[in-house]
Asker: 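Structure provided below as structure tokens; questions to follow.
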Amino acid sequence: MSAARSSTHWGAFSATVRDDGTFDVTPHPADEEPSALLANVPAAAGTRARVLRPHVRRGWWEDGPGPDPRRGDDVWLAVGWEEVLDRLAVEFRRVLDLHGPAGIFGGSYGWGSAGRFHHAQSQVHRFHNALGGSTRSVTTYSHGAAEVLLPRVLGDLSLLEDPTSWSVVEEHTDLLVCFGGLPAKNSAVSHGGATRHPVRGHLRRARRRGARFVLVSPLRDDLDGELGGDWLAPVPGTDTALVLALCQVLVAEDLHDVDFLRRCCTGTEQFLASLEGADDGVAKTPEWAEAITGVPAATVRALARDMAASRTLLTVSWSLQRAPFGEQPLWAAIALAALLGQIGLPGGGIGHGYSSTGGVGSPMRRHALPTLPQGRNPVRERIPVARIADALLHPGEEYDFDGSRRRYPDLRLVHWTGGNPFHHHQDLARLRRAFQRPDTVLVQDPFWTATARHADVVLPSTTPLEREDLGAARYDDHLHAMDRVLEPVGEARDDYDVLAALAQRLGAEEAFTEGRTSAQWVAHLYESWRAGPAVRAGVAAPPYAQFRRAGSLRLPPADPVVLHAGFRADPGRFRLRTPSGRIELHSATIASFGYDDCPGHPVWREPEEWLGSPVAARFPLHLVANNPATRLHSQLDHGAASAASKVRGREPLRMHPDDARERGLADGDVVVVRSRRGSCLAGLVVSADLRPRVVQMSTGAWFDPVAGAAAGVTCGHGNVNVLTADVGTSRLGQGCTGQHALVEVEAFRGALPAVTVHDAPVPAASSSPMAHPS
Ligand SMILES: Nc1nc2c(c(=O)[nH]1)N[C@H]1C(S)=C(S)[C@@H](COP(=O)(O)OP(=O)(O)OC[C@H]3O[C@@H](n4cnc5c(=O)[nH]c(N)nc54)[C@H](O)[C@@H]3O)O[C@H]1N2
Ligand SMILES: Nc1nc2c(c(=O)[nH]1)N[C@H]1C(S)=C(S)[C@@H](COP(=O)(O)OP(=O)(O)OC[C@H]3O[C@@H](n4cnc5c(=O)[nH]c(N)nc54)[C@H](O)[C@@H]3O)O[C@H]1N2
Ligand SMILES: [Mo]
């Protein structure tokens with residue numbers, strides 16, 4: 001038995017390791033609300049789903065690089081580290097010589113694991129930079145539309161990065177109106193680490209003080225039941241209409257704050273005129289909205305009056321902008337907050353993403369954390385992150401993004417480390433076609449993810465449990481010494497060592513490693529932090545050896561934030577970084593782009609797929625494809641917490657009892673879910689916690705294509721992204737729209753295919769001793 005400590009995006013823990021290598025996890029003592037996701041961690045040990053040796057796809061190994069329809073459906077060969085690294089070095093050299101560094105796609109989007117040095121994406125970016133750079137991606141799947149919109153209308157990203165702090169909300173907010181709720185499941189997670197989970201405590205104390213909650217969501221459990229709260233369940237994707245109607249009532253009843261609008265906003269006239277129908281002749285009244293959202297007009301009027309009479313905070317979860325025209329609900333809610341005139345007051349105004357992760361609402365640490373320098377990327381080529389399939393399928397084609405007209409680059413070598421596009425991207429059948437286009441796909445991952453299965457070369461990475469690191473995050477209050485809990489599994493190697501070996505073959509070893517081993521790097525990052533940012537921030541950090549022995553270091557708290565307090569008090573002096581210096585309810589800049597899908601002020605636009613559209617005649621259920629309660633994305637889907645939620649091995653799909661009855665379905669049935677793009681199996685859970693005609697199924701079940709597509713089913717396990725559409729939010733943001741899709745659900749008849757995706761692909765499992773082509 002031995003004990004060791006480590007950290008994940010969902011909590012820090014100590015592990016008691018038994019002699020057989022299995023272990024138990026004990027949450028960090030400072031954690032008041034440890035996450036149930038910790039139960040998934042032990043699954044990282046053992047060999048299930050692990051890549052144990054380097055593997056190559058036979059077609060690539062034997063026939064060389066090039067577009068290949070066999071990718072994703074070929075034989076795997078286990079090969080030795082030295083020979084595969086030699087072959088990869090030749091391929092990197094070929095692509096660099098023929099296409100330049102822009103021919104390498106190094107976006108490598110994904111959460112990877114906690115740990116400051118072994119952060120997979122930082123490692124791969126540093127490696128590419130040492131070779132001359134690579135094409136990258138910009139923005140995120142999380143809040144791509146917001147990242148483009150917010151700087152244009154509020155001047156920066158503070159609304160989603162550092163809104164008014166929970167401690168202020170707890171003390172001052174009387175009415176919290178939550179679009180998309182405050183789902184407890186999401187606050188379990190925070191990028192980089194979450195030693196403590198304070199969100200639920202803040203909310204309960206606010207409730208005890210008398211704060212009222214209004215949940216606006218298709219799902220009742222998006223708000224903790226103990227908080228009480230009214231539940232409004234608009235038709236998914238229609239929040240913009242609801243918010244515009246709330247605005248219309250405020251103006252019609254003279255409840256809007258004219259002084260705030262005059263001092264702090266621009267474009268008010270155009271926006272107010274649009275509420276009365278200046279654009280389309282239709283006034284945005286509660287009756288107009290009721291026909292779209294299903295929320296009674298009287299409820300909207302009463303809510304608008306309550307909001308004007310209370311210290312009101314609006315929150316818009318990130319999910320609302322992860323849908324077609326995703327810019328609109330956020331921009332409309334900003335306009336609503338401006339009309340209420342409480343922006344900059346303690347506990348009033350608006351935030352974006354409270355409880356979307358555990359960090360948002362904790363004041364963000366301003367000083368730097370220990371960080372691996374990535375060097376410089378001379379390649380200027382960038383794609384919006386969620387346009388990856390378009391880029392691979394349509395090199396050279398033009399597209400719009402945030403006011404500029406661009407061309408997709410010609411990507412030849414795709415290198416993914418620490419992300420899972422066959423988890424995160426939409427319309428997986430299309431992504432499969434896109435992944436057949438490049439010359440080479442290289443994936444480093446500890447696990448046989450669906451992305452690994454669509455690669456040419458799969459290199460086994462260690463997990464954080466198999467290496468030493470530093471754990472820290474910008475919202476967290478601890479710096480952790482992450483221990484090596486386990487020996488590397490199989491032939492897995494640290495990403496750093498793999499990239500160093502490749503860099504050595506490509507003449508870039510010194511630039512990449514600077515002569516340090518990974519242990520030396522970890523110590524170096526700590527010591528440079530201790531001597532610089534820590535001193536400036538007044539953190540008394542001990543020398544490295546002492547820090548490692550102690551196991552962790554408490555970081556001083558950052559000051560609570562009241563967002564836009566200075567701006568409100570003196571908008572002339574604390575100008576926002578918008579063209580007007582104020583909040584832009586109408587943006588002349590956005591208007592000048594001439595985008596019909598994102599004009600100059602917030603508007604309601606009908607998505608192609610919503611319950612009011614013609615597509616609903618064939619696909620009459622609205623799927624909410626949200627983030628999972630039982631895991632982080634696709635990570636450790638075979639872990640105990642995730643496995644326990646499955647129904648007959650399939651990802652659960654929740655459905656209202658009326659809809660189940662209408663289809664003759666019962667709890668526990670295996671069902672087929674179909675959209676215009678594909679189909680998957682799911683396990684039915686009947687629940688009255690949803691609006692009728694809404695079904696909910698989370699992301700993250702590993703994509704398990706059904707051989708021969710039994711009954712036309714494309715995924716036998718339940719990956720929602722076979723159902724979702726691969727279209728951007730708008731020409732402005734080009735964000736991910738994976739949260740919504742229209743579907744139909746029916747009973748599955750026939751022989752149930754086994755879920756095999758959590759085990760190594762069969763040919764690879766049987767290819768030892770090592771298969772080697774002669
Ligand atoms: N339909 C739909 N789709 C969505 C969303 C949605 O709401 N609906 N949400 C989107 C959002 S918000 C996000 S952020 C994305 C998330 O998408 P991703 O961040 O891509 O998902 P993860 O499952 O976290 O993938 C991380 C991968 O890194 C690997 N990994 C972990 N540690 C290491 C390491 O040390 N080295 C290496 N080499 N690999 C490592 C893991 O095994 C895993 O395969 O999904 C998006 N997709
Ligand atoms: N446990 C866990 N926590 C996570 C993650 C995870 O994978 N697992 N992922 C993390 C990441 S990367 C991110 S970006 C955040 C994502 O944070 P969010 O985007 O906020 O999370 P989601 O769970 O996708 O969606 C939140 C809720 O929005 C509601 N919703 C969906 N569509 C609509 C709509 O049209 N109108 C209204 N009013 N509500 C709607 C859904 O009911 C859903 O439960 O979560 C983070 N936290
Ligand atoms: Mo995300």
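Side-chain atoms are counted along with the backbone in the values below, which use heavy atoms only and exclude waters and symmetry mates. Both ligands and their constituent atoms are indexed starting at 1 by order of listing. Counting begins at 1 with the first residue of the sequence.
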Asker: Just jot down the side chain to side chain contact (heavy atoms under 4.5 Å, CB included) partners of Glu161, sequence neighbours excluded, or say none.
Answerer: Leu157, Met364, Arg474, Tyr475
Asker: Atoms of ligand 2 less than 4.0 Å from Asp239 heavy atoms?
Answerer: 34 (C), 35 (O), 36 (N), 37 (C), 38 (N)
Asker: Could you list all the side chain to side chain donor-acceptor pair (under 3.5 Å) pairs where at least one residue sits in residues 449-458, not counting sequence neighbours?
Answerer: Arg57-Asp456, Arg71-Asp456, Asn420-Thr451, Arg432-His454
Asker: Under a 4.0 angstrom heavy-atom cut-off, which atoms of ligand 2 come close to Pro218?
Answerer: 37 (C), 39 (N), 40 (C)
Asker: Which atoms of ligand 2 sit under 4.0 Å from any heavy atom of Val216?
Answerer: 37 (C), 38 (N)
Asker: Quick check on contacts: which atoms of ligand 2 are under 4.0 angstrom from a heavy atom of Leu219?
Answerer: 42 (O), 44 (O)
Asker: Near ligand 1, which protein residues have a heavy atom under 4.0 Å away?
Answerer: Tyr109, Gly110, Trp111, Gly112, Ser113, Ala120, Tyr141, Ser142, Arg322, Thr417, Gly418, Gly419, Asn420, His423, His424, Gln426, Gln444, Asp445, Pro446, Phe447, Thr449, Ser461, Thr462, Arg467, Asp495, Ala625, Asn627, His633, Ser634, Gln635, Thr699, Asn721, Thr724, Gly738, Gln739
Asker: For Ala188 and ligand 2, answer yes if some heavy atom of the residue is under 4.0 Å from a ligand atom, otherwise no.
Answerer: no
Asker: Geometry only, no angles: is Thr238 polar-contacting ligand 2 at N/O separations under 3.5 Å?
Answerer: no
Asker: Decide whether an N or O pair under 3.5 Å exists between Pro236 and ligand 2.
Answerer: no
Asker: Is atom CD of Glu491 surrounded by more than 12 heavy atoms (other residues, nucleotides or ligands) closer than 6.0 Å?
Answerer: yes
Asker: Under a 4.0 Å N-O cut-off, is there an ion pair linking Asp390 with Arg430?
Answerer: yes
Asker: Hey, would you say the His633 and His424 ring centroids sit under 6.0 Å apart?
Answerer: no
Asker: Using side chain to side chain contact (heavy atoms under 4.5 Å, CB included) as the criterion, list what pairs up with Thr140, not counting sequence neighbours.
Answerer: Tyr109, Ser142, His143, Glu147
Asker: Taking Thr462 as the fixed residue, which of Asp495, Asp494, Asp497 is the one that meets the side chain to side chain donor-acceptor pair (under 3.5 Å) rule?
Answerer: Asp494
Asker: So for Gly237, does at least one of its heavy atoms come nearer than 4.0 angstrom to any atom of ligand 2?
Answerer: yes
Asker: With side chains defined as the heavy atoms from C-beta onward, is the minimum distance between Thr463 and Phe447 less than 4.5 Å?
Answerer: yes
Asker: Would you mind listing which atoms of ligand 2 come within a distance below 4.0 Å of any non-hydrogen atom of Ser317?
Answerer: 20 (O), 28 (O)
Asker: Please name the residue in the list His758, His638, His55 that meets the ring-ring contact (aromatic ring centres under 6.0 Å, His included) test with Trp448.
Answerer: His55
Asker: Tell me whether the centres of the aromatic rings in His622 and Trp610 are closer together than 6.0 Å.
Answerer: no
Asker: Have a look at ligand 2 and work out which part of Thr630, if any, has a heavy atom under 4.0 Å from it: side chain, backbone, both or neither.
Answerer: neither
Asker: Of all the heavy-atom pairs spanning Thr729 and Gly326, show the shortest one and how long it is.
Answerer: CB-N, 3.9 Å
